[in-house]
Amino acid sequence: MGKFFNKKKEKIMRKRILAIVLLLSLAIFFAGCTSKLGSECCPTDGRVVGSIHGTLRDATDNELLEDVEIMYSVGGKIKTTQTNEMGYYAITNLYPGNYELTFYNKENYAIGRVTVNIPLLSAIGVDDMPTGEDFYYSVKQDMDLYEKTSGLTGTVYAEQTDESTILAPNVIVIADFISYDLSIDEFTTTTNSSGVFSFDSLPATPNVTIKTLPYSNSSYSYSVYTTAETLKPDAIMTARDIILSIVPATPFIVSNNYELDDFGITEDIVITFSKEMVTGTFDVDLYDGVNVVEHSLSWSNGVTLTIHPYAP
């Protein structure tokens, strides 16, 4: 009987010793990890907790704008916040990813938008953080909003010969604000019987791109025309006369944003041709200097080609 109890006590003692050894081993393991952060012992897999904050102002007089709605999407759900009396807003608890912020619902202001990125830990370059620990990353994104108080008028002529022109009615004229990231970035009008076009309630940006679409009358076809015009708040500006040229048989590039490197590595490349193109015949190859860059294409009126590079 005594031998039985002795054996039972021996088994219990062995289990206790084994548990103590295991606990000691785990303590040594975690102590080793703490002293070797970022090594193969403890790979970083912490969570980035992002936030976006900033101030909204009137682009003309720098006035702080309160009660501006900011709309954004998280996990497929649309959420909103708004600026306080100091024009300040903050969006918190964001996972890594791209967030398009839309600023709207401010009377008489053009809707603004911007895309903000909350990066992964690997993109930030953090490789020495304990496993599972949160890393807080904040992006300051101030914005200027443009009040819709500008106007623009002008006259369009069409060449007949090298020496003569005539007024051009029914020409489609576009005011293009694409460089300002407005949610409505194009406004369209048509010249009247006197060749005059006019825009009102335009965003009061420093300038605007004015372009015409391909145009034809009973005599000739005409190429597109592109120019930059100045805008001022609370004023109707007069544009320089637009004289449309007879389109040559071979189309040519009227404008683009790549010759002056006027785009970022993941931003769109925009090319405007002199006349309407057969869009289905285009095949574009895009390279970053060495490697092929994946992309998609879109057309506007068969005249403006936009190449959309995919983010690496």
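Just so you know, residue 1 is the first one in the sequence shown, and it goes up from there.
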Novice: To the nearest 0.5 Å, how far apart are CD1 in Ile269 and CG in Leu286?
Specialist: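 Those atoms lie 5.0 Å apart.
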
Novice: Which heavy atom of Ser193 sits nearest a heavy atom of Pro169, and at what distance?
Specialist: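 For Ser193 and Pro169, the tightest heavy-atom pair comes out as CA-CB, 3.9 Å.
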
Novice: What pair of heavy atoms forms the shortest contact from Thr279 to Gly302, and how long is it?
Specialist: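 Where Thr279 meets Gly302 most closely, the heavy atoms are CG2-CA, 4.0 Å.
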
Novice: Under the ring pair (Phe, Tyr, Trp, His ring centres under 6.0 Å) rule, collect the residues that match up with Phe282, sequence neighbours excluded.
Specialist: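 Phe273, Trp299.
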
Novice: Got a sec, which pairs hit ring pair (Phe, Tyr, Trp, His ring centres under 6.0 Å) with one end in residues 211-231, sequence neighbours left out?
Specialist: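 Residue pairs passing ring pair (Phe, Tyr, Trp, His ring centres under 6.0 Å), neighbours aside: Tyr215-Tyr222.
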
Novice: Hydrophobic clusters here meaning ILVMFWY residues chained together by side-chain heavy-atom distances under 4.5 Å, can you tell me if Leu101 and Val49 are in one?
Specialist: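 Not linked; separate clusters.
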
Novice: Give a yes or no on whether Val114 and Ile111 share a hydrophobic cluster (residues Ile, Leu, Val, Met, Phe, Trp, Tyr; joining criterion: side-chain heavy atoms under 4.5 Å apart).
Specialist: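 No, Val114 and Ile111 fall in different hydrophobic clusters.
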
Novice: May I ask you to test the Ile236-Leu152 pair for a side-chain heavy-atom distance under 4.5 Å?
Specialist: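 No, their side chains stay 4.5 Å or more apart.
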
Novice: Quick one: closest heavy-atom pair of Phe199 and Ala175, and the distance?
Specialist: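 Phe199 and Ala175 have their closest heavy atoms at CZ-N, 3.7 Å.
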
Novice: For Met237 and Ser150: C-alpha separation, side-chain torsions, deciding distance, then whether side-chain contact (heavy atoms from CB on, under 4.5 Å) applies.
Specialist: CA-CA 8 Å; Met237 305 297 290; Ser150 291; over 6 Å; no

Novice: Please check this pair: side chain of Thr189 against backbone of Phe197, looking for a donor-acceptor N/O pair closer than 3.5 Å.
Specialist: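 Not a single qualifying donor-acceptor pair exists.
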
Novice: Hey, what do you get for CD1 (Ile210) to CZ (Arg240), rounding to the nearest 0.5 Å?
Specialist: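 Answer for the CD1-CZ pair, Ile210 versus Arg240, is 10.5 Å.
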
Novice: What distance do Glu69 atom CD and Thr80 atom OG1 have between them, rounded to the nearest 0.5 Å?
Specialist: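 These two atoms lie 5.5 Å from each other.
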
Novice: With a 4.5 Å limit on heavy-atom distance, are the side chains of Thr212 and Ile174 in contact?
Specialist: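 With C-beta onward as the side chain, the pair stays apart.
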
Novice: Run the salt bridge (charged side-chain N to carboxylate O under 4.0 Å, His left out) test against Asp185 and tell me which residues pass, sequence neighbours left out.
Specialist: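 Applying salt bridge (charged side-chain N to carboxylate O under 4.0 Å, His left out) to Asp185 gives Arg113.
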
Novice: Look only at the side chain of Thr209 and the backbone of Ala228, and say whether a donor-acceptor pair between them is shorter than 3.5 Å.
Specialist: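 Here the side-chain-to-backbone pair does not exist.
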
Novice: Could you see if Met143 belongs to whatever hydrophobic cluster contains Ile52? Use Ile, Leu, Val, Met, Phe, Trp, Tyr and a side-chain cutoff under 4.5 Å.
Specialist: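 Yes, one cluster joins them.
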
Novice: Kindly compute the distance separating OG1 (Thr306) from CD1 (Ile178), expressed to the nearest 0.5 Å.
Specialist: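 Reported to 0.5 Å precision, the distance equals 6.0 Å.
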
Novice: Is the count of non-hydrogen atoms from other residues, nucleotides or ligands lying under 6.0 Å from Ile166 atom CD1 greater than 12?
Specialist: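 Counting neighbours around CD1 of Ile166, more than 12 heavy atoms of other residues, nucleotides or ligands fall under 6.0 Å, so yes.
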
Novice: Keeping the roles fixed (side chain from Ser221, backbone from Ser216), state whether a donor-acceptor pair exists under 3.5 Å.
Specialist: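 It does not hold such a pair.
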
Novice: Donor-acceptor pairs are to be reported for all side-chain atoms of residues 88-95 against protein atoms at under 3.5 Å, with residues two or more places apart or in another chain.
Specialist:
from	atom 1	to	atom 2	distance (Å)
Tyr88	OH	His53	ND1	3.4
Tyr89	OH	Gln141	O	2.7

Novice: Roughly how far, to the nearest 0.5 Å, is OH of Tyr137 from CG of Leu121?
Specialist: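 Those atoms lie 11.5 Å apart.
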
Novice: Taking side chain as C-beta onward, heavy atoms only, is Val156 less than 4.5 Å from Leu244?
Specialist: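 In contact.
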
Novice: Can you check whether Ile172's main-chain N or O pairs, donor with acceptor, with Thr190's side chain at less than 3.5 Å?
Specialist: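 Not a single qualifying donor-acceptor pair exists.
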
Novice: Counting N and O atoms only, with roles assigned by atom type, does the side chain of Ser194 sit under 3.5 Å from a partner on the main chain of Val196, one being a donor and the other an acceptor?
Specialist: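 No; zero donor-acceptor contacts below 3.5 Å.
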
Novice: Could you check whether any side-chain heavy atom of Pro119 comes within less than 4.5 Å of a side-chain heavy atom of Pro96, counting everything from C-beta outward?
Specialist: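 Answer no - side chains too far apart.
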
Novice: With the threshold set at 4.0 Å, does a side-chain nitrogen-carboxylate oxygen contact exist between Lys232 and Asp234?
Specialist: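 Salt bridge between Lys232 and Asp234, a charged N being under 4.0 Å from a carboxylate O: no.
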
Novice: Considering residues, nucleotides and ligands other than Ile184, do more than 12 of their heavy atoms fall under 6.0 Å from its CD1?
Specialist: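 No, CD1 of Ile184 has 12 or fewer neighbouring heavy atoms, counting only those of other groups under 6.0 Å.
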
Novice: Yes or no on salt bridge (Lys or Arg N to Asp or Glu O under 4.0 Å) for Lys211 and Glu186, after CA distance, side-chain angles and deciding distance?
Specialist: CA-CA 10 Å; Lys211 57 187 181 183; Glu186 284 190 350; 3.6 Å; yes

Novice: Report yes or no: do Leu145 and Tyr72 belong to one cluster of Ile/Leu/Val/Met/Phe/Trp/Tyr joined by side chain heavy-atom distances under 4.5 Å?
Specialist: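 Leu145 clusters together with Tyr72.
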
Novice: So, the side chain of His295 versus the backbone of Val284: is there a donor-acceptor pair under 3.5 Å, distance only?
Specialist: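 Yes: the side chain of His295 pairs with the backbone of Val284.
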
Novice: Do Thr272 and Ile253 touch side chain to side chain, with heavy atoms closer than 4.5 Å?
Specialist: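 When only atoms from C-beta onward are counted, Ile253 and Thr272 do not touch, as no gap falls below 4.5 Å.
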
Novice: Is there side-chain contact between Ile70 and Thr102, with at least one heavy-atom pair below 4.5 Å?
Specialist: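 No; the side chains remain at least 4.5 Å from each other.
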
Novice: Kindly determine whether Ser183 and Phe103 satisfy side-chain contact (heavy atoms from CB on, under 4.5 Å), including the steps that lead there.
Specialist: CA-CA 9 Å; Ser183 65; Phe103 305 87; over 6 Å; no

Novice: Tell me whether Thr153 contacts the main-chain N or O of Thr238 through its side chain, where contact means a donor paired with an acceptor under 3.5 Å.
Specialist: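 No.
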
Novice: Applying ring pair (Phe, Tyr, Trp, His ring centres under 6.0 Å) as the test, list every pair that has at least one member in residues 158-180; sequence neighbours left out.
Specialist: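 Only Tyr146-Tyr180, Phe177-Phe187 qualify under ring pair (Phe, Tyr, Trp, His ring centres under 6.0 Å).
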
Novice: Supply the atom-to-atom distance Asp67 CG to Thr83 OG1, rounded to the nearest 0.5 angstrom.
Specialist: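 Going from the CG atom of Asp67 to the OG1 atom of Thr83 covers 6.0 Å.
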
Novice: Hey, does Gln160 have a side-chain heavy atom less than 4.5 Å from the side chain of Thr165?
Specialist: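 Not in contact.
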
Novice: Any idea which heavy atoms bring Pro203 and Leu231 closest together, and the distance?
Specialist: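 Residues Pro203 and Leu231, closest heavy atoms: O-CD1, 3.6 Å.
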
Novice: Got a donor-acceptor contact below 3.5 angstrom from the Asp268 side chain to the Val270 backbone?
Specialist: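 Such a contact is absent between Asp268 side chain and Val270 backbone.
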
Novice: Does the side chain of Leu297 reach to within under 4.5 Å of the side chain of Leu305, using non-hydrogen atoms?
Specialist: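 When only atoms from C-beta onward are counted, Leu305 and Leu297 do touch, with a gap below 4.5 Å.
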
Novice: For residues 54-66, run the donor-acceptor check on the side chains, cut-off 3.5 Å, and write out each pair with its distance to 0.1 Å, sequence neighbours left out.
Specialist:
from	atom 1	to	atom 2	distance (Å)
Arg57	NH1	Asn62	O	3.0
Asp58	OD1	Thr60	N	2.6
Asp58	OD1	Asp61	N	3.3
Asp58	OD2	Tyr109	OH	2.4
Asp61	OD1	Glu63	N	3.0

Novice: Please check if any side-chain donor atom of Ser223 sits under 3.5 Å from a side-chain acceptor atom of Ser245, or the reverse.
Specialist: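 Not at all, the side chains of Ser223 and Ser245 share no donor-acceptor pair under 3.5 Å.
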
Novice: Would you say Val224 and Ile242 are hydrophobically clustered, going by side-chain heavy atoms of ILVMFWY under 4.5 Å?
Specialist: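 Per the 4.5 Å side-chain linkage, Val224 and Ile242 are not co-clustered.
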
Novice: Run the numbers on Met71 and Tyr104 for side-chain contact (heavy atoms from CB on, under 4.5 Å), then give the verdict.
Specialist: CA-CA 8 Å; Met71 181 171 64; Tyr104 70 105; 3.6 Å; yes

Novice: Of all the heavy-atom pairs spanning Ile307 and Pro309, show the shortest one and how long it is.
Specialist: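 So the minimum-distance heavy-atom pair works out to O-CD, 3.2 Å.
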
